[in-house]
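Here the structure is a predicted model, which is why all the values come from computation and not from measurement. Side-chain atoms are counted along with the backbone in the values below, which use heavy atoms only and exclude waters and symmetry mates. One is the number of the first residue; the rest follow in order along the sequence.
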Amino acid sequence: MIRTENLTKRFDGFTAVGGITLTVRPGQILALLGPNGAGKTTTVRMLAAILMPTEGWAEVAGYDTRRNPVAVRQQVGLLTEQPGLYLRMYGGEYLEFFGRLYGLDAGTCRRQAREWLDRFAMPEAWDRRIGEYSKGMRQKLALVRALLHNPPILLMDEPTSAMDPHSAKLVRDAILSLKDERHTILVCTHNLAEAELLADEIAIIRRGQIVALGTPADLKQQLLGPPLMELRVASSVDGARPLVDRWASVVEEGPNWIRYRADSPETVNPMIVRSLAEAGIPVVMLSEVPRSLEAVYLRVVES
Ligand code: ATP
């Protein structure tokens, strides 16, 4: 579990993180979004006990980051934006070196490292020098390093930014399976589609403060208004419009479709469908018009 209260970091009077309060539970993924310089990396560094807060506190896996930084670091798998990789080392040698630092025995370390390399489709990386790796391979190796000791808390800054679509999918699948194993996961990303795929909750940070927090569905409802529904009928829309109007507000229409907003679709939609059936108007389709997290994000950061 990760808990923070009023977590604050000032650099020479400049407030990089200005009082963040949040909770991430085991089995939950929180995505931290925000413009460049918003304070995401600074927050992650405080949670990893690399940077001490100026004010407020953070508790990670039950340890206070200020009082027990060493214990916190043991419980955390950290993927930073610029992981320091030793370019002259071979991949296997590098992972064995970190495995020893984490206190893993050689056999366990080797087995786990190879399993992760296989899973990320780069088994050959074991016997290659890191200096010869591509950008995406380096990012995957850094991720394997972060996961090697099976830490309960995972903090990942842009985990797939350098990866091709297939590798990014392998990594996302791995993150979701770690969530299923009840790891507590915080991901910083600029990839909004990825945030939506992964996150149970989204926190949008702006100038060091959380300006929106909630599930993707909650944020869409709060910031973009009630869900937009699209109804398609087999005939002309003329007969359907007055029936829809009775229950919801029509926003747009075409020859055989209507879009309307419904505060509570679970109540309104069945009533509309029933009225249409009673009037003998066949419904071809009724579905929610997808709304992107990008629209939410832009609404928040541009306001
Ligand atoms: P990005 O999306 O570009 O990675 P970010 O949200 O991770 O941005 P941070 O790296 O946390 O942003 O930076 C937040 C602010 O704090 C920035 O204005 C940055 O210049 C400042 N900052 C970060 N580290 C330091 C430091 N060591 N000394 C002074 N200022 C710093």
Side-chain angles (χ1 to χ4, degrees), residues 29-33 36 40-41 43-45 47-48 50 73-181 183-199:
I29 301 179
L30 175 80
L32 213 50
L33 313 180
N36 296 131
K40 303 178 296 292
T41 304
T43 302
V44 165
R45 294 178 74 207
L47 295 177
I50 292 172
R73 284 180 217 133
Q74 283 164 352
Q75 303 297 316
V76 163
L78 174 66
L79 175 71
T80 55
E81 258 179 316
Q82 278 145 2
L85 298 174
Y86 307 142
L87 301 185
R88 282 209 288 235
M89 275 182 148
Y90 291 86
E93 189 188 1
Y94 177 80
L95 292 173
E96 284 180 334
F97 170 73
F98 272 92
R100 274 197 300 278
L101 285 185
Y102 293 144
L104 296 179
D105 71 79
T108 309
C109 171
R110 182 173 281 251
R111 184 172 44 74
Q112 293 191 171
R114 283 197 181 271
E115 269 175 28
W116 279 115
L117 292 179
D118 286 351
R119 200 153 159 188
F120 293 157
M122 51 179 231
E124 76 288 357
W126 186 272
D127 294 313
R128 283 184 67 185
R129 265 192 218 279
I130 299 170
E132 297 167 12
Y133 283 19
S134 69
K135 261 195 311 211
M137 287 173 77
R138 288 181 194 190
Q139 196 174 24
K140 284 191 272 184
L141 185 78
L143 192 54
V144 173
R145 184 188 91 185
L147 298 173
L148 205 51
H149 56 308
N150 196 25
I153 311 285
L154 293 168
L155 306 175
M156 296 183 243
D157 212 343
E158 293 287 346
T160 63
S161 56
M163 290 181 201
D164 66 74
H166 177 240
S167 299
K169 163 101 173 55
L170 294 176
V171 167
R172 277 198 296 273
D173 288 347
I175 294 174
L176 288 171
S177 67
L178 290 161
K179 162 190 153 84
D180 289 343
E181 292 164 20
H183 290 256
T184 302
I185 303 172
L186 186 145
V187 179
C188 298
T189 181
H190 292 299
N191 180 338
L192 300 178
E194 179 164 287
E196 192 151 21
L197 273 170
L198 290 177

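Here the CD-CD1 distance, from Gln74 to Ile153, works out to 13.0 Å after rounding to the nearest 0.5 Å. Note that the CG atom of Leu178 and the CG atom of Leu147 stand 6.0 Å from one another [nearest 0.5 Å]. Atoms CZ and CG, from Phe98 and Leu104 in turn, are 12.5 Å apart once rounded to the nearest 0.5 Å. Atom NZ of Lys140 and atom OG1 of Thr160 lie 11.5 Å apart (nearest 0.5 Å). Taking CG of Leu117 as the start and CG of Leu95 as the end, the distance is 6.0 Å to the nearest 0.5 Å. Going from atom OG1 of Thr184 over to atom NZ of Lys179 covers 10.5 Å, rounded to the nearest 0.5 Å.
Here the side chain of Arg129 pairs a donor or acceptor atom with the backbone of Arg88 at under 3.5 angstrom. Judged by distance alone, with hydrogens and angles left aside, the side-chain atoms of Ser134 form a donor-acceptor pair with the main-chain N or O of Met137 at under 3.5 Å.
Thr80 and Asp157 are not linked by any side-chain donor-acceptor pair at a separation below 3.5 angstrom, with hydrogens and angles left out of the test. Side-chain N/O atoms of Arg172 and Ser167 include no donor and acceptor closer than 3.5 Å. The closest side-chain donor-acceptor pair between Tyr94 and Arg145 falls under 3.5 angstrom.
Classification of the Tyr86-Phe97 ring pair by plane angle, with boundaries at 30° and 60°, yields perpendicular.
Taking each heavy atom of Pro159 and Cys188 in turn, the nearest pair found is CD-O, 3.8 Å. Taking both residues in full, the closest heavy atoms of Thr189 and Ala195 are given as CG2-CB, 3.9 Å, listed atom of the first, atom of the second, then distance. Heavy atoms only, all atoms of each residue included: Ala125 and Tyr133 are closest at O-OH, 2.6 Å. The shortest non-hydrogen separation linking Lys40 to Leu33 is CD-C, 3.8 Å. Between Leu78 and Ala48, the closest heavy-atom pair is CD2-CB, 3.9 Å.
Here the side chains of Met163 and Val171 are in contact, with some heavy-atom distance below 4.5 Å. Looking at heavy atoms from C-beta onward, Ile29 lies in side-chain contact with Leu176 at the 4.5 angstrom threshold. Proximity of Gln75 to Pro151: side-chain heavy atoms (C-beta onward) are nowhere separated by under 4.5 Å. Residues Thr41 and Arg45 have side chains in contact (heavy-atom distance under 4.5 Å, counting atoms from C-beta outward). The shortest side-chain heavy-atom distance between Val44 and Leu186 falls under the 4.5 Å cut-off. Side chains of Leu141 and Met122 form a contact here, defined as non-hydrogen atoms less than 4.5 Å apart. Ile175 has its side chain within reach of Met156: a pair of non-hydrogen atoms, C-beta onward, lies under 4.5 Å apart.
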Item to check | Derivation of the side chain to side chain contact (heavy atoms under 4.5 Å, CB included) call for Leu155 and Leu79 | outcome: CA-CA 6 Å; Leu155 306 175; Leu79 175 71; over 6 Å; no
Next on the checklist: As a quick check of understanding, evaluate side chain to side chain contact (heavy atoms under 4.5 Å, CB included) for His149 and Leu101, giving each step before the final call.
Outcome noted: CA-CA 10 Å; His149 56 308; Leu101 285 185; over 6 Å; no
Next on the checklist: Between Ile130 and Tyr90, is the side chain to side chain contact (heavy atoms under 4.5 Å, CB included) condition met? List the steps.
Outcome noted: CA-CA 6 Å; Ile130 299 170; Tyr90 291 86; over 6 Å; no
Next on the checklist: If you apply the rule side chain to side chain contact (heavy atoms under 4.5 Å, CB included), what do you find for Ile185 with Leu30, and how did you get there?
Outcome noted: CA-CA 6 Å; Ile185 303 172; Leu30 175 80; over 6 Å; no
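Put simply, the residue from Lys135, Gln139, His190, Glu194 that forms a side chain to side chain contact (heavy atoms under 4.5 Å, CB included) with Ser161 is Gln139.
Residue pairs meeting the side chain to side chain donor-acceptor pair (under 3.5 Å) criterion with at least one partner in residues 97-115, sequence neighbours excluded, are Glu96-Arg110, Asp105-Thr108.
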